[in-house]
Number of protein chains: 2
Amino acid sequence: MQPDATDKKILELLQENAHMTIKEIASRINLSVTPVHERIRKMEREGFIEKYVCLLNRRKLGKSLLVYCHVTLDKQRKESFEEFNKAIAGMPEVLECSVVSGNFDYMLKVVVSDSEDYNQFYQLKLSALSSVLHISSYFVISEIKHTTGIPVG
Amino acid sequence: MQPDATDKKILELLQENAHMTIKEIASRINLSVTPVHERIRKMEREGFIEKYVCLLNRRKLGKSLLVYCHVTLDKQRKESFEEFNKAIAGMPEVLECSVVSGNFDYMLKVVVSDSEDYNQFYQLKLSALSSVLHISSYFVISEIKHTTGIPVG
DNA sequence: TCATTTTGAAGGATCATTTTCCGCAATCAA
DNA sequence: TTGATTGCGGAAAATGATCCTTCAAAATGA
């Protein structure tokens with residue numbers, strides 16, 4: 001069953017602040033705590049809500065550099081994709097990695113401390129993979145928008 | 001003050017599951033609830049922890065298509081950047097938007113229902129902006145990795 | 001139409017967690 | 001040694017989550 005309008009309001013609030021109490025959510029949407037609680041549990045059970053996480057300030061933690069990479073594999077073959085996918089899983093600096101359509105194979109989002117740190121990652125980890133043919137790096141100069149909230153309207 | 005090793009363990013746990021109780025965290029790192037509670041509050045106060053959110057399953061909510069866009073502005077001028085930045089802020093389907101170095105100006109991450117929905121976004125919203133000269137779209141075929149957890153080791 | 005079932009919500013009791021307070025021990029500087 | 005600071009543990013108080021029962025409205029069926 002898809003979330004109804006009330007469920008969606010709850011999701012919007014929780015996507016913005018998961019520490020909001022059920023009581024607070026209830027008062028915002030003019031309901032008592034019980035139905036709000038039940039709706040949340042239901043959406044958790046049914047997988048609409050996947051998990052609750054905290055978001056950190058990467059700059060304060062010294063991870064000031066954000067880089068997007070385009071990766072082209074040497075050969076578009078099963079073994080290459082498998083090697084690459086497996087390697088990516090073990091790289092904590094890679095936050096996102098997707099196979100994309102277009103003139104390259106992968107799109108990566110990488111978080112590192114600085115350009116030297118990125119160089120280490122680039123030379124010792126990414127280009128060390130035999131499956132990799134070509135890498136283009138795009139350094140983020142300014143983050144205009146950054147949200148984890150998907151539109152539920 | 002930077003988080004110490006104990007703080008980092010707490011951050012790793014909270015980045016994975018922010019609903020973990022203080023008691024549970026405490027037992028995992030062999031501490032009582034008081035210091036764990038104090039450390040978390042401190043990291044919230046000092047801004048290392050920015051917010052708590054819930055992550056939704058976009059597919060279950062009908063947002064099955066993920067697209068990365070490269071956008072080139074017509075003119076690299078203050079007014080163009082301002083118009084573009086402002087417009088992006090009002091587009092809920094754009095989850096991330098960054099100014100990048102390289103042969104285009106912006107990198108966008110867009111979430112929509114399907115290709116028709118993307119077409120609407122592309123034609124009616126993005127290319128409707130006078131500041132935009134060129135757009136390249138890269139459709140995500142497969143998400144290999146997707147995490148919000150930045151490395152704190 | 002009337003009775004029955006189902007669904008969603010409210011209120012209150014109970015349980016768990018968070019938060020606060022206090023004291024203890026280790027470390028460090030004077 | 002003394003005094004101050006820091007980090008930790010334990011327990012009480014405050015708050016919130018959860019569970020259970022009841023109620024009302026809508027849907028279902030004879």
Side-chain angles (χ1 to χ4, degrees), chain A residues 1-63 147-153, chain B residues 1-63 147-153:
Chain A
M1 201 54 176
Q2 281 294 108
D4 64 13
T6 304
D7 289 328
K8 286 179 179 177
K9 281 188 207 160
I10 295 173
L11 291 180
E12 276 178 7
L13 293 171
L14 287 178
Q15 280 197 116
E16 186 51 39
N17 175 17
H19 263 196
M20 190 175 283
T21 64
I22 293 179
K23 201 175 176 180
E24 172 71 13
I25 295 169
S27 84
R28 297 233 195 160
I29 64 177
N30 295 314
L31 233 60
S32 69
V33 295
T34 309
V36 173
H37 179 255
E38 284 169 352
R39 283 166 181 271
I40 293 173
R41 289 293 159 270
K42 188 176 180 214
M43 291 191 285
E44 288 172 0
R45 263 200 323 276
E46 297 181 355
F48 292 104
I49 295 175
E50 282 196 333
K51 65 195 298 200
Y52 295 89
V53 300
C54 79
L55 301 182
L56 305 184
N57 184 323
R58 62 180 173 80
R59 289 165 187 286
K60 295 210 69 161
L61 289 161
K63 303 292 179 179
T147 177
T148 53
I150 76 165
V152 292
Chain B
M1 201 48 177
Q2 281 293 107
D4 64 13
T6 303
D7 289 329
K8 288 179 178 176
K9 281 187 207 162
I10 295 173
L11 291 180
E12 278 178 5
L13 292 171
L14 287 177
Q15 281 196 112
E16 185 52 38
N17 175 16
H19 264 195
M20 190 175 284
T21 64
I22 295 178
K23 202 175 176 180
E24 171 72 11
I25 295 169
S27 83
R28 295 235 195 160
I29 64 177
N30 295 313
L31 231 62
S32 69
V33 296
T34 310
V36 173
H37 178 257
E38 284 171 352
R39 283 166 181 270
I40 293 173
R41 288 293 158 273
K42 189 177 180 213
M43 291 191 286
E44 287 173 0
R45 260 201 324 275
E46 296 182 357
F48 293 103
I49 295 174
E50 283 195 333
K51 65 194 301 202
Y52 296 88
V53 301
C54 78
L55 302 181
L56 306 183
N57 185 323
R58 62 179 173 82
R59 289 167 187 285
K60 294 209 68 159
L61 289 160
K63 303 291 180 179
T147 177
T148 53
I150 76 164
V152 291

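Basis for what follows: all heavy atoms, side chains included, without hydrogens, waters or symmetry-related copies. Order of the sequence lines sets the chain letters (A, B, ...), proteins ahead of strands, with each chain counted from 1.
An OP1 or OP2 oxygen of C/dA9 is reached within less than 4.0 angstrom by a side-chain nitrogen or oxygen of A/Arg39. Put simply, B/His37 has no side-chain N or O that comes within less than 4.0 Å of OP1 or OP2 on C/dT18.
With rounding to whole Å, A/Glu38 atom CD is found 13 Å from D/dT22 atom C1'. Distance, B/Leu14 CG to C/dT18 C1': 14 Å, rounded to whole Å. Taking atom CG on B/Asp7 and atom C1' on D/dC8, their separation rounds to 14 Å, with Å as the unit. The NE2 atom of B/His19 sits 13 Å away from the P atom of C/dT17 (whole-angstrom rounding). Spacing between atom CG of B/Asn30 and atom C1' of D/dC8 amounts to 13 Å, rounded to whole angstrom units. Rounding to whole angstrom units, CG of residue B/Leu31 and P of D/dG7 are separated by 12 Å. Between B/Ile29 atom CD1 and D/dG9 atom P there is a gap of 10 Å when expressed in whole angstrom units. The distance between atom CD of B/Glu24 and atom C1' of C/dT18, rounded to the nearest whole Å, is 16 Å.
Between C/dT18, D/dG9, D/dA17, one nucleotide has an atom nearer to the side chain of B/Pro35 than all others, and that is D/dG9. Among the nucleotides D/dC8, D/dA17, C/dT19, the one closest to any side-chain atom of A/Ile22 is D/dA17.
In terms of heavy-atom proximity, B/Ile22 sits nearest to B/Val33 at CG2-O, 3.6 Å.
The partner of D/dA30, taking Watson-Crick or G-U wobble pairs whose two distances both stay under 3.5 Å, is C/dT1.
In this structure a side-chain-to-backbone donor-acceptor pair under 3.5 Å is present from B/Gln15 to B/Ile150. A donor-acceptor pair under 3.5 Å is formed between the side chain of B/Lys60 and the backbone N or O of A/Glu46.
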Exercise. Run the numbers on A/Ile49 and B/Leu56 for side-chain contact (heavy atoms from CB on, under 4.5 Å), then give the verdict.
Key: CA-CA 5 Å; A/Ile49 295 175; B/Leu56 306 183; 3.9 Å; yes

Exercise. Kindly determine whether B/Asp7 and B/Lys42 satisfy side-chain contact (heavy atoms from CB on, under 4.5 Å), including the steps that lead there.
Key: CA-CA 10 Å; B/Asp7 289 329; B/Lys42 189 177 180 213; 5.9 Å; no

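Residue-level contact check: B/Thr21 touches the backbone only, with heavy atoms under 4.0 Å from sugar-phosphate atoms and none from bases.
A donor-acceptor contact under 3.5 Å is not formed by the side chain of A/Thr34 with the base of C/dG8.
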